[in-house]
Enquirer: 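Got a structure here, written out as structure tokens. Questions coming.
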Amino acid sequence: MEILRYAVYRFGTMLLTLLLVSVLIFWIINLPPGDFLSNQIAELRATGQEAGVAKAEFLRKEYALDRSLTEQYLIWMGFWPGPHGFSGMLQGNFGWSFEFDRPVSEIVGESLWLTVLVNLAAVLFVYMVALPLGVLAAAKSRTMIDYTAAFIGYLGLATPNFLLALILFYYGHQYLNLPIGGLMAPEFEGEPMTWEKVKSILIHLIVPTFVIGTSGASAMMQRLRANMLDELGKPYVETAVAKGMRPSRMLAKYPLRVAFNPFVADIGNLLPSMVSGSVLVSVVLGLQTIGPVLLQALKSQDMFLSGFVLMFVALLTLIGTMISDVLLVLLDPRIRYEGRET
């Protein structure tokens, strides 16, 4: 029950933090002078297109952009009635994209779950690669295995993701017959989910997963190796070895368990950092994720679209942080719940 109370407490703090983040996001996207409609109105007036000006002015009133920033925020979130009553983020209305002239929900609909899928695959890749290589490098310190793992890690950190994407783009298609670009074959785009579409997505995931996860796996491997070496030098390890405990059991029971904490703590940062860090990779590989959508929305000052994507990334961060906090409490007895002595 205590862990359940802690989880409920963390969920409450997550909601409060998300509310504060929403204020910050709305303030930031309104910092640049003007907006998409203001720029469009100025351009239309300069060219004498009064019909277009009338439509843009109508949209300004339709989406409450003619009101104060405080009212705009409250209406956007759904805390205050707008021209159509309570119809904001809380009610499932994510706004209108002026750049694409479509509802935001239609633009990001398929992109959202594809983004989550790509980044979950990359996270799994990070853990599956970093954990065994980090432990092996620490256990075989100052051997060829350690030096080889370090070389692979530094190579992964030093190679830009977009360059790695281009290399795999070419050689993966030429020698392994992997598909070029996208997250599915063109004939499956916009179609209902079928087994053939799932197979197409899984094949297309191979290159993006490797490209996006490489730098994260390299960094985490180096950190795990350093933490493991630090733990292996402590007296309790020498005591366990002196008592005849098998090295493999000793590694798994004590040093790895302690050194694993940063892995769990990184869950909160890994997902959002991969979403934001994969924007260039998504553009290079032509992935149908929200990365390119966010880039275009920020360039054109499409406030509702960019605001929703930023809120989505913030939500990923907060959910990941909450999960990592709860898991740390479960895994490490040295960590105590809120309100107890640490």
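In this chain, numbering begins with 1 at the start of the sequence shown. Basis for what follows: all heavy atoms, side chains included, without hydrogens, waters or symmetry-related copies.
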Enquirer: Less than 4.5 Å apart, any side-chain heavy atom of V118 and any of T209?
Expert: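 Contact flag for V118/T209 side chains = no.
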
Enquirer: Answer yes or no: is there a side-chain heavy-atom contact under 4.5 Å between M220 and Y127?
Expert: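 They are in side-chain contact.
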
Enquirer: Restricting to non-hydrogen atoms, name the atom on I107 and the atom on S97 that form the minimum distance, rounded to 0.1 Å.
Expert: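 Closest pair (atom of I107, atom of S97, distance): CD1-CB, 3.2 Å.
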
Enquirer: Could you tell me whether a side-chain N or O of N119 sits under 3.5 Å from a main-chain N or O of T115, the two making a donor and an acceptor?
Expert: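 Answer holds: yes.
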
Enquirer: Quickly, which of L315, L294, L305 forms a side chain to side chain contact (heavy atoms under 4.5 Å, CB included) with L310? Name it, please.
Expert: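 Exactly one candidate clears the test, L294.
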
Enquirer: Test of understanding: with ring-ring contact (aromatic ring centres under 6.0 Å, His included), list the residues that count as partners of F86, not counting sequence neighbours.
Expert: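 Partners of F86 under the ring-ring contact (aromatic ring centres under 6.0 Å, His included) test: none.
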
Enquirer: Kindly give the heavy-atom pair with the smallest separation between A137 and A149, and that separation in Å.
Expert: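 In this case the closest contact between A137 and A149 is CB-CB, 4.0 Å.
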
Enquirer: Let me confirm one number: the OG1-NZ distance from T194 to K199, rounded to the nearest 0.5 Å.
Expert: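 Separation between the atoms: 9.0 Å.
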
Enquirer: For a side-chain contact (heavy atoms from CB on, under 4.5 Å) check, start with the C-alpha distance between F312 and V116, then their side-chain angles and the critical distance, and finish with the verdict.
Expert: CA-CA 10 Å; F312 174 71; V116 173; 3.7 Å; yes

Enquirer: Are the side chains of F94 and V309 in touch, meaning some heavy atoms are under 4.5 Å apart?
Expert: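 No, every pair of side-chain atoms sits at 4.5 Å or beyond.
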
Enquirer: Mind listing the closest non-hydrogen atom pair of S22 and M77 along with its distance?
Expert: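 Heavy-atom minimum between the residues: CB-SD, 3.9 Å.
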
Enquirer: Please list, chain by chain and in numerical order, all residues satisfying side-chain hydrogen bond (donor to acceptor under 3.5 Å, both in side chains) with K140, sequence neighbours excluded.
Expert: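 In terms of side-chain hydrogen bond (donor to acceptor under 3.5 Å, both in side chains), with neighbours along the sequence ignored, K140 is linked to no residue.
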
Enquirer: In terms of hydrophobic clusters joined by side-chain contacts under 4.5 Å, are I29 and V21 together?
Expert: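 As far as the 4.5 Å side-chain criterion goes, V21 and I29 are connected within one cluster.
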
Enquirer: Is there a donor in the side chain of Y63 and an acceptor in the side chain of Q72, or the other way round, less than 3.5 Å apart?
Expert: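 Note: Y63 and Q72 side chains miss the donor-acceptor criterion.
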
Enquirer: Going hydrophobic residue to hydrophobic residue with side-chain gaps under 4.5 angstrom, can you get from L74 over to L65?
Expert: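 Shared cluster, yes.
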
Enquirer: In Å, rounded to the nearest 0.5 Å, how long is the span from CD1 of I319 to OG of S324?
Expert: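 One finds 12.0 Å between CD1 of I319 and OG of S324.
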
Enquirer: Using side-chain heavy atoms (C-beta onward) and a distance below 4.5 Å, is W76 in contact with M311?
Expert: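 They are in contact (side-chain heavy atoms under 4.5 Å apart), so the answer is yes.
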
Enquirer: Determine, stepwise, if the pair L37 / E57 fulfils side-chain contact (heavy atoms from CB on, under 4.5 Å).
Expert: CA-CA 8 Å; L37 287 179; E57 290 286 4; over 6 Å; no

Enquirer: Would you find more than 12 non-hydrogen atoms of other residues, nucleotides or ligands less than 6.0 Å from R246 atom CZ?
Expert: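 Not buried by this count: 12 neighbours or fewer within 6.0 Å.
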
Enquirer: For F308 and V313, run side-chain contact (heavy atoms from CB on, under 4.5 Å): C-alpha distance rounded to whole Å, both residues' side-chain angles, the deciding distance at 0.1 Å, then the answer.
Expert: CA-CA 9 Å; F308 172 77; V313 175; over 6 Å; no

Enquirer: Around W27, counting heavy atoms of other residues, nucleotides and ligands shown, do more than 12 lie under 6.0 Å from its CH2?
Expert: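 Not more than 12 within 6.0 Å, no.
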
Enquirer: Got a sec: does the OH of Y236 have more than 12 other heavy atoms crowding it under 6.0 Å?
Expert: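 Enclosed: over 12 neighbouring heavy atoms sit under 6.0 Å from OH of Y236.
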
Enquirer: Is L133 reachable from M144 through a run of I, L, V, M, F, W or Y residues, each pair having side-chain heavy atoms under 4.5 Å apart?
Expert: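 No, separate clusters.
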
Enquirer: Going by heavy atoms in the side chains, are P83 and R67 under 4.5 Å from each other?
Expert: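 SC-SC contact between P83 and R67 confirmed.
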
Enquirer: Working to the nearest 0.5 angstrom, can you tell me the gap between Q301 CD and S306 OG?
Expert: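 Output value for this atom pair is 9.0 Å.
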
Enquirer: If only atom types and distance count, is the side chain of T17 paired as donor or acceptor with the main-chain N or O of T13 below 3.5 Å?
Expert: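 At least one qualifying donor-acceptor pair exists.
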
Enquirer: On a heavy-atom basis, which atom in S215 and which in L157 lie closest, and how many Å separate them?
Expert: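 Heavy atoms only, the tightest pair is O-CD2, 3.7 Å.
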
Enquirer: Roughly how far, to the nearest 0.5 Å, is CG of L224 from CG of L136?
Expert: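 Nearest 0.5 Å value for the CG-CG distance: 11.0 Å.
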
Enquirer: Testing the basics here: between D146 and S141, what is the closest heavy-atom pair and its distance to 0.1 Å?
Expert: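 Smallest interatomic distance, heavy atoms only, reads OD2-CA, 3.6 Å.
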
Enquirer: In chain order, what residues pass the ring-ring contact (aromatic ring centres under 6.0 Å, His included) check against F210, with sequence neighbours excluded?
Expert: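 F210: ring-ring contact (aromatic ring centres under 6.0 Å, His included) contacts with F125.
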
Enquirer: Cluster question for you: counting only ILVMFWY and a side-chain heavy-atom cut-off of under 4.5 Å, with indirect links fine, are L18 and L20 together?
Expert: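 As far as the 4.5 Å side-chain criterion goes, L20 and L18 are not connected within one cluster.
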
Enquirer: Measuring from N227:CG to R225:CZ, what's the distance to the nearest 0.5 Å?
Expert: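 It is 11.0 Å, given to the nearest 0.5 Å.
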
Enquirer: Answer with yes or no whether the hydrophobic clustering places M322 together with L120; edges join I, L, V, M, F, W, Y residues whose side-chain heavy atoms lie under 4.5 Å apart.
Expert: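 As far as the 4.5 Å side-chain criterion goes, L120 and M322 are connected within one cluster.
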
Enquirer: Decide yes or no on side-chain contact (heavy atoms from CB on, under 4.5 Å) for L69 and F26, but give the supporting numbers first.
Expert: CA-CA 9 Å; L69 279 181; F26 191 81; 4.0 Å; yes

Enquirer: Below 4.5 Å, heavy atoms only, C-beta onward: do L166 and Y171 meet side chain to side chain?
Expert: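 L166 vs Y171: side chains apart.
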
Enquirer: So do the side chains of N93 and H84 get within less than 4.5 Å of each other, counting heavy atoms only?
Expert: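 No, every pair of side-chain atoms sits at 4.5 Å or beyond.
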
Enquirer: Where is the tightest heavy-atom contact between F79 and L90, given as atom of each residue plus distance?
Expert: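 Minimum heavy-atom contact is CE2-CD1, 3.0 Å.
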
Enquirer: Do R10 and D325 sit within salt-bridge range, that is, some charged N less than 4.0 Å from a carboxylate O?
Expert: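 Salt bridge: yes.
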
Enquirer: CG of L205 to CE of M184: how many Å apart, nearest 0.5 Å?
Expert: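 Going from the CG atom of L205 to the CE atom of M184 covers 9.5 Å.
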
Enquirer: Quick one: does E106's side chain get under 4.5 Å of F100's, heavy atoms only?
Expert: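 A side-chain contact is absent here, since even the closest heavy-atom pair is not under 4.5 Å.
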
